[in-house]
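Residue numbering restarts at 1 for every chain, and letters A, B, ... go by the order of the sequence lines.
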Amino acid sequence: MMVLEIIEYIIRLILSPPIFAPIIYPGLVTVLVILLSIIWVERKIAAKVQLRYGPLYVSKPIGGALQMLADATRFFFQEIIVPRDADSIAFLIAPAASLVLPLLPIVFVPAAPSFVAISVEYSLPLVLAISALTPIVIIVMAWAANNKFTIIGGIREAFMVIAYELSLFISALAMAIFYGTLNLEDIVSMQKSLPGVILNPLAAITFFVAMVMATSRLPFDIVEGEQEIVAGPFTEYTGILYGLVMGAGYVQLYILCLVFVELFLSGWYPYIGLLGEIYPALGGVSLFIKAYLLMVFIVFLRSVYGRYRLDQAISIGWKSLLPLSLASVFLSLGLLAAGVVI
Amino acid sequence: MNLREKIEEKLKDIATSIEYPRPDLIVIAVNRDRIMEAAQRIVELGFDHLASVEGVDLPKENAIEVIYHAESYEEELRNTIVELKTRVARDDPKLQSLINVWPNALYLERETWDMLGVVFEGHPELKRLLLPPWWDDIPPLRKDYKVKVEGIIVGTK
Amino acid sequence: MEQSSLTFRYKELERAWDGEKVYEVFIGPQHPASGHMRFIVRLDGDIIVNVEPDIGYVHRTMEKLAETKEYIKSIPLFERATIIDSNNITLGYVRALEKLLGIEVPPRARYLRTLLSEINRIASHLYGLGLAGIFINHSTMFMWGFGDREIWLQLAEELTGARLTHTYSIPGGVRSDLPQDFKDRALKAIRYMERRLKDYMKIFFNNPVTVARYKDIGILKKEDAKRLGIVGPNLRASGVRYDARLVEDYGAYREIDFEVPVREEGDALSRLLLRIDEIKISMDIIRQVLEKIPDGPILAEKYLRLIPPKLRKTMEETGRVKFPGLFASLRPPPGEATARVEMGHGEVFYHIISDGSPKPYRVRIVTPSFRNLLLLRYLPVGHRFMDFPAIYGSVDYFPPEADR
């Protein structure tokens with residue numbers, strides 16, 4: 001009798017949103033699945049464009065889908081080398097922090113109507129603010145490794161942050177002004193009939209480009225600039241530490257994609273009531289599908305573009321994105337003044 | 001005036017010999033101390049860059065022959081290669097550097113120093129180019145340097 | 001000769017820099033984008049003030065080794081300098097040797113040499129374009145360039161039996177005759193490549209990122225190009241119409257109607273686009289060669305006579321040359337000869353000195369990459385650090401070729 005009660009209690013605990021959201025969906029377990037699948041998808045798409053097979057030999061019948069699992073396993077058992085001149089404490093802590101910090105905002109991102117780990121009024125600025133902490137960790141990483149390439153990479157990261165961060169915030173703010181709330185859940189609920197991208201496409205474009213910059217995807221993978229600085233701030237990392245820093249970029253991509261979908265692509269609508277009856281989070285599965293497709297599109301950019309130069313990226317950030325994001329704020333204000341009501 | 005006449009007129013006072021071994025080749029030999037002057041005159045004729053700088057070791061005559069091959073991209077000159085050569089003593093191989101006459105002699109002369117030990121005076125960076133920095137044997141393109149043949153190793157202990 | 005270019009000085013290869021402020025970065029020899037060499041790049045902020053290429057990591061003493069071998073054995077040796085362009089690099093040596101020996105090459109052999117030279121040139125350019133893609137992290141251009149190069153390697157394999165180390169040109173001729181239906185396959189490859197070049201333009205050359213990265217970067221002025229003795233597409237992209245195929249009588253180029261493409265801009269993008277132009281011209285030359293190729297022997301009469309009649313018969317049946325015994329100890333008369341041949345990367349120069357013995361007294365080989373090395377020092381100065389790989393990629397530098 002006692003045992004059953006305990007099991008029931010545990011199940012209830014797991015299924016309660018404050019636990020389920022950060023641990024299972026849209027939290028850790030989902031992130032793990034995404035990490036294992038999106039890299040495979042990225043490589044497969046690139047292979048398709050480039051007339052090759054891509055990952056194949058691990059699990060041939062399913063097109064090498066387990067390749068990433070094999071790679072992760074290898075990372076786990078690889079030797080971790082700490083350079084002699086590195087600041088070893090910062091060197092070892094930074095990769096873990098670089099994975100945790102982008103993951104942290106997940107507790108404020110609603111996955112379905114009133115399904116969120118911590119419900120706050122100001123979830124939008126909180127999510128963006130926490131994800132803006134990651135560059136600091138990357139700069140710490142670059143400094144700790146004490147290598148010329150990592151330091152150049154760290155400086156590049158610092159330059160990039162000031163180029164995109166402002167536009168990212170302002171274009172998100174444009175939507176917040178229009179909807180009159182900073183709560184992501186409210187923003188989504190107001191997009192039930194009309195997604196935000198149609199009302200303010202300018203903000204959507206700016207946010208999208210800033211997002212690509214923030215996650216170091218091509219054509220802005222300047223921080224890792226392999227052809228000049230080997231792997232940028234990650235040059236000295238080996239084994240699982242490298243696995244962590246490599247994963248961190250995808251985690252940040254995932255979080256920002258969720259925010260993008262909630263700001264512009266009407267979040268979890270269409271809501272699937274049938275699944276929602278089984279468990280509330282499942283009803284908002286369209287949020288996940290949209291975010292995943294957006295991620296696939298962003299990783300597909302790898303097969304189309306080369307890399308911009310640092311100064312070109314910065315001038316795109318300051319000269320094009322910033323004015324565009326400011327214009328998007330005025331567009332929102334104009335829509336409000338014109339009396340557009342959802 | 002064709003090219004041969006021009007060259008003879010320009011260089012006859014300093015050249016020790018001017019030969020035409022092949023239709024596309026003019027060979028001018030000069031003394032070691034006139035090399036700069038000869039090179040400048042060849043540049044004035046239009047042969048403004050080098051195809052090669054080489055050294056030939058002549059142990060029997062106790063000399064190293066340094067050969068410059070100049071060519072031109074101009075349509076009327078491009079079919080010909082001008083070969084300017086001079087001899088330096090084998091035990092004290094010193095020659096004026098021509099990098100201010102032909103700028104692309106920079107690496108070509110450096111290689112010749114590397115491979116034959118000819119010292120180009122006035123060359124700003126005579127240091128190892130193709131050979132490893134710790135090379136302390138005699139210059140490898142001299143005839144008394146023997147190529148060490150590594151045997152084929154079969155089996156182990 | 002203008003006075004201005006005469007005063008070109010060594011010191012102009014770098015900018016004045018303050019030792020305190022300079023950040024020295026060692027790129028290579030173990031670096032994803034250095035190749036088999038090292039660059040010491042000195043940066044003042046993000047601006048390159050000085051680049052010092054440190055080469056020699058793949059030096060194989062080819063000139064010395066050639067002195068220890070019989071003439072014919074040096075052909076496979078030299079082709080290992082530029083394994084991606086092996087017929088062109090050995091052709092220079094064979095030409096110089098033929099001049100020393102005084103041999104005329106039969107017309108069919110000359111056409112066949114031209115055929116393989118152009119196949120090699122296309123493959124070499126595709127290799128260079130692929131690398132130019134990956135230097136700005138454009139992986140699609142990299143994979144496409146390398147993938148499509150395979151078509152031309154297969155053609156070369158059909159003709160010679162080897163994908164890379166063809167050892168095709170031999171003194172007095174070529175090693176094997178045209179296989180059956182080679183013409184159809186070559187024309188098919190040309191049609192495929194023409195289609196692909198359009199795709200390249202779409203995804204790479206007209207891509208805004210590529211244009212931003214390569215346009216107006218690393219400009220080589222016409223005067224400097226001449227003075228520094230730059231060769232190949234890098235020279236022609238600066239507006240100088242010079243090609244060793246125009247000056248040296250080798251292959252069938254005197255009988256073929258072709259144009260040497262030139263571009264005036266001299267920047268990195270024009271160097272890349274010029275390679276595309278050259279691929280088109282090369283395909284046109286291949287078409288003409290297949291059209292015009294005459295019948296006849298593929299080895300000089302002088303050597304053909306030395307082959308025993310029975311072997312000569314199998315030779316005619318199989319189309320593969322059996323080497324006459326004389327080849328083991330070719331003895332050119334004392335003298336010297338030079339030869340220039342246009343490779344994919346530019347002009348290769350050979351100078352052979354013979355003393356009448358079966359081994360050369362001295363062989364001098366100056367490869368195009370060795371001459372273009374100056375560009376790696378001269379062009380990046382004043383540019384941003386991220387431009388360095390772009391310039392390196394646009395020059396199509398091949399370290400094993402420069403190191404020999």
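With hydrogens and angles disregarded, a donor-acceptor distance shorter than 3.5 Å links the side chain of C/Lys64 to the backbone of B/Tyr145. Not a single donor-acceptor pair under 3.5 Å links the side chain of C/His59 to the backbone N or O of B/Leu131. Between the side chain of C/Arg340 and the backbone N or O of B/Ile81, no donor-acceptor pair lies under 3.5 Å. Under the 3.5 Å distance criterion, the side-chain polar atoms of C/Tyr361 are matched with a main-chain donor or acceptor of B/Asp57.
Residue B/Leu25 touches chain C through its side chain alone, counting heavy-atom pairs closer than 4.5 Å. Interface residue C/Val231: backbone and side-chain heavy atoms are both found under 4.5 Å from chain B. Only the side chain of C/Phe370 comes within less than 4.5 Å of a heavy atom of chain B; its backbone N, CA, C and O stay farther away. Heavy atoms of B/Lys146 lying under 4.5 Å from chain C are absent altogether. Interface remark: C/Leu235 contributes side-chain atoms only to the contact with chain B (heavy atom separation under 4.5 Å). For a residue to count as touching a neighbouring chain, one of its non-hydrogen atoms must lie under 4.5 Å from one of that chain's; by this rule B/Arg78 touches chain C with backbone and side chain alike. Proximity to chain B is limited to the backbone of C/Ala225, based on heavy atoms less than 4.5 angstrom apart. Of the atoms belonging to C/Arg241, it is backbone heavy atoms, and not side-chain ones, that fall under 4.5 Å from chain B. Contact annotation for B/Glu75: neither backbone nor side-chain heavy atoms come within less than 4.5 Å of a heavy atom of chain C. For a residue to count as touching a neighbouring chain, one of its non-hydrogen atoms must lie under 4.5 Å from one of that chain's; by this rule B/Asp114 does not touch chain C. Only the backbone of B/Val53 comes within less than 4.5 Å of a heavy atom of chain C; no side-chain atom from C-beta onward does. For B/Gln40, no part lies near chain C; criterion is any non-hydrogen pair under 4.5 Å. Contacts between C/Thr68 and chain B at a heavy-atom distance below 4.5 Å involve the side chain alone, from C-beta outward. B/Leu45 does not touch chain C: none of its heavy atoms, backbone or side chain, sits under 4.5 Å away. Both the backbone and the side chain of B/Leu58 come within contact range of chain C, with heavy atoms under 4.5 Å apart. Looking at C/Glu248, only its side chain comes within 4.5 Å of chain B, counting heavy atoms on both sides.
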Next item on the list: Please lay out, stage by stage, how B/Ile67 and C/Arg364 fare under the test side-chain contact (heavy atoms from CB on, under 4.5 Å).
Entry: CA-CA 10 Å; B/Ile67 306 178; C/Arg364 173 66 173 154; over 6 Å; no

- Message: Run C/Arg404 and B/Leu130 through side-chain contact (heavy atoms from CB on, under 4.5 Å) and show every step you take.
- Response: CA-CA 9 Å; C/Arg404 287 153 289 154; B/Leu130 298 178; 3.8 Å; yes

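Per-residue counts of heavy-atom pairs under 4.5 Å with chain B were compared for C/Thr61, C/Ile353, C/Thr338, C/Ile365; the largest is that of C/Thr338.
In this structure the side chain of B/Val27 reaches within 4.5 angstrom of the side chain of C/Glu336, judged on heavy atoms.
Listed here is the closest heavy atom pair of C/Pro53 and B/Tyr107: CD-OH, 3.4 Å. Across all non-hydrogen atoms, the minimal contact from C/Glu63 to B/Glu111 is OE2-OE2, 4.2 Å. Closest non-hydrogen pair, B/Asn104 versus C/Leu228, comes out as CB-O, 3.1 Å.
Taking the charged nitrogens against the carboxylate oxygens, B/Glu65 and C/Arg362 have no contact shorter than 4.0 Å, which rules out a salt bridge.
The aromatic rings of B/His69 and C/His351 stand perpendicular to each other, their planes meeting at an angle above 60°, with 30° marking the opposite boundary.
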